[in-house]
Amino acid sequence: MKIKEIANKLNISPRAIRFYEEKGLISPVKQEHNQYRTFTEKEIWRLQTILSLREAGMTIEDIKKALAEVDKEDKEELLYYLELQRSVMFSQWLELKQILETTDQMIGLMKQQQSLDLHNIFELAEGSKRLRESRKNWYDKWNFDHKASSHDEYVRNNNDEYQNYEEALDMIVQWVSPQQNEWGLDIGTGTGNLAGKFLTRNIKMAAIDQSKEMLKQCRRKFPNMETKLGNFLAIPYLDEDFDFVVTSFAFHHLTHEQKKLALTEMRRVLKPHGRICIADLMFENRKKQVEYLQDLSEKGMNNTVKAIQDEYYSILTDLLEWFDKNRYITKYHQINDFLYIVYAVPI
DNA sequence: TTTCTCACA
DNA sequence: TGTGAGAA
């Protein structure tokens, strides 16, 4: 088939088809004598795929990568690209939503004061910008993709960071004690251990993680769990979706600023009565953190100091304060030196 | 008709 | 991320 025929068939310009070729997405054979391109069924299918992915908002470069996976017939990798795409779109949606909110607040201010209070508006804009950057600045410096295959074993054998692991997970299930028809979300699920505990109690669960390799393991262990690529700062679900949100041993990977954003995100995807349960490594308060780090550096354990600073352990009192401000009733329990479990129910 | 190239938004 | 014009 010649270029105009498929152009008509697919409702695009011949020019666009040549453009896709130029970008390396397709490579139709050219006839010897006149250099006309000829297209086979396979190429039409490929073009259709390109158009669909384009429709889904993928850039040419991303489509190129995705098509490479199609060529390799790697279903899982293609799925990953689609999910990655979805999570990117979700972040963009959240950003737009946030800009909308900021604008609404500005409109509100204008109406209230009948004049431009530049200072207020500047603060709003700054706040919005900070949130956006906070989202953008997240990256996986711990390389969880790399750790995925040995993660479960590491957890079992690590009596430091993952001390009382099973106990903590069981306690979350117990504290949340979900009803049969409820639906929960596990953020930073890793290989799905926490979500799995709910699932085996016949509770419908969604599990998200930013690492595709972790999710692979998770799907292998729990084939009927819903899994999605995503993170704390852009939870890939619509508003008011879940009855409860849980997370274990993951919250400390966020900076303090990002933690607040994450809590706001959790509240967004929760139904109004939705509850939150977090098990993680924390300091009881800021004073204890300072003292502990001082103590360590006096002992010359600078590596440990750095490790703890890098992991941004939560401050229990900060967390409780946020919940209090946002009208939650909380209870918490200290499991060991650093491991706490916090449970929050809206008033 | 189609191809290619250059410029343009 | 495409499009338009013009020459071959």
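Note on naming: letters A, B, ... go to the chains in the order of the sequence lines (proteins, then strands), and numbering restarts at 1 for each one.
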TODO: Please identify each residue that fulfils salt bridge (charged side-chain N to carboxylate O under 4.0 Å, His left out) with A/Arg201, with sequence neighbours left out.
DONE: none

Open item on the list: Checking A/Arg37 now: which residues fulfil salt bridge (charged side-chain N to carboxylate O under 4.0 Å, His left out) with it, not counting sequence neighbours?
Closed with: A/Glu21

Rounded to whole angstrom units, what separation is found between the [atom1] atom of [X] and the [atom2] atom of [N]?
X: A/Glu61; N: C/dT1; atom1: CD; atom2: C1'; value: 12 Å
X: A/Glu55; N: C/dG2; atom1: CD; atom2: C1'; value: 15 Å
X: A/Ile3; N: B/dT1; atom1: CD1; atom2: P; value: 13 Å
X: A/His33; N: B/dT2; atom1: NE2; atom2: C1'; value: 11 Å
X: A/Leu53; N: C/dT1; atom1: CG; atom2: P; value: 13 Å
X: A/Asn34; N: C/dA8; atom1: CG; atom2: P; value: 18 Å
X: A/Ile12; N: C/dT1; atom1: CD1; atom2: P; value: 15 Å
X: A/Phe19; N: B/dT3; atom1: CZ; atom2: P; value: 16 Å

Task: Ring centre gap for A/Tyr292 and A/Phe338 strictly below 6.0 Å - done: yes

- [ ] Take nucleotides 4-9 of chain B nucleotide by nucleotide from the 5' end and write B, S or -, depending on whether a protein heavy atom sits under 4.0 Å from the base, only from the sugar-phosphate, or from neither.
- [x] SBB---

Side chains of residues 167-181 of chain A: which donor-acceptor partners sit under 3.5 Å, not counting sequence neighbours?
| residue | atom | partner | partner atom | Å |
| --- | --- | --- | --- | --- |
| A/Glu167 | OE1 | A/Asn164 | ND2 | 2.8 |
| A/Asp170 | OD1 | A/Lys197 | NZ | 3.1 |

Run the side-chain donor-acceptor check on residues 222-231 of chain A: report pairs under 3.5 Å with partners two or more places apart or on a different chain.
| residue | atom | partner | partner atom | Å |
| --- | --- | --- | --- | --- |
| A/Glu226 | OE2 | A/Lys228 | NZ | 3.4 |
| A/Glu226 | OE2 | A/Tyr237 | OH | 2.5 |
| A/Thr227 | OG1 | A/Arg219 | NE | 2.6 |
| A/Thr227 | OG1 | A/Arg219 | NH2 | 3.2 |
| A/Asn231 | OD1 | A/Leu233 | N | 2.7 |
| A/Asn231 | OD1 | A/Ala234 | N | 3.3 |

Open item on the list: Suppose we screen for side-chain hydrogen bond (donor to acceptor under 3.5 Å, both in side chains). Which residues come up paired with A/Tyr154, at least two apart in sequence or across chains?
Closed with: A/Asn158

Task: Below 4.0 Å: OP1/OP2 of C/dT1 and any side-chain N or O of A/Tyr20 - done: no

Open item on the list: Under 3.5 Å, is there a donor on one side chain and an acceptor on the other for A/Gln258 and A/Thr255?
Closed with: yes

- [ ] Measure from the side-chain heavy atoms of A/Ile60 and tell me the nearest of C/dT3, C/dG2, B/dT2.
- [x] C/dG2

Task: Base B/dT1 to side chain A/Tyr36, donor-acceptor N/O within 3.5 Å cut-off - done: yes

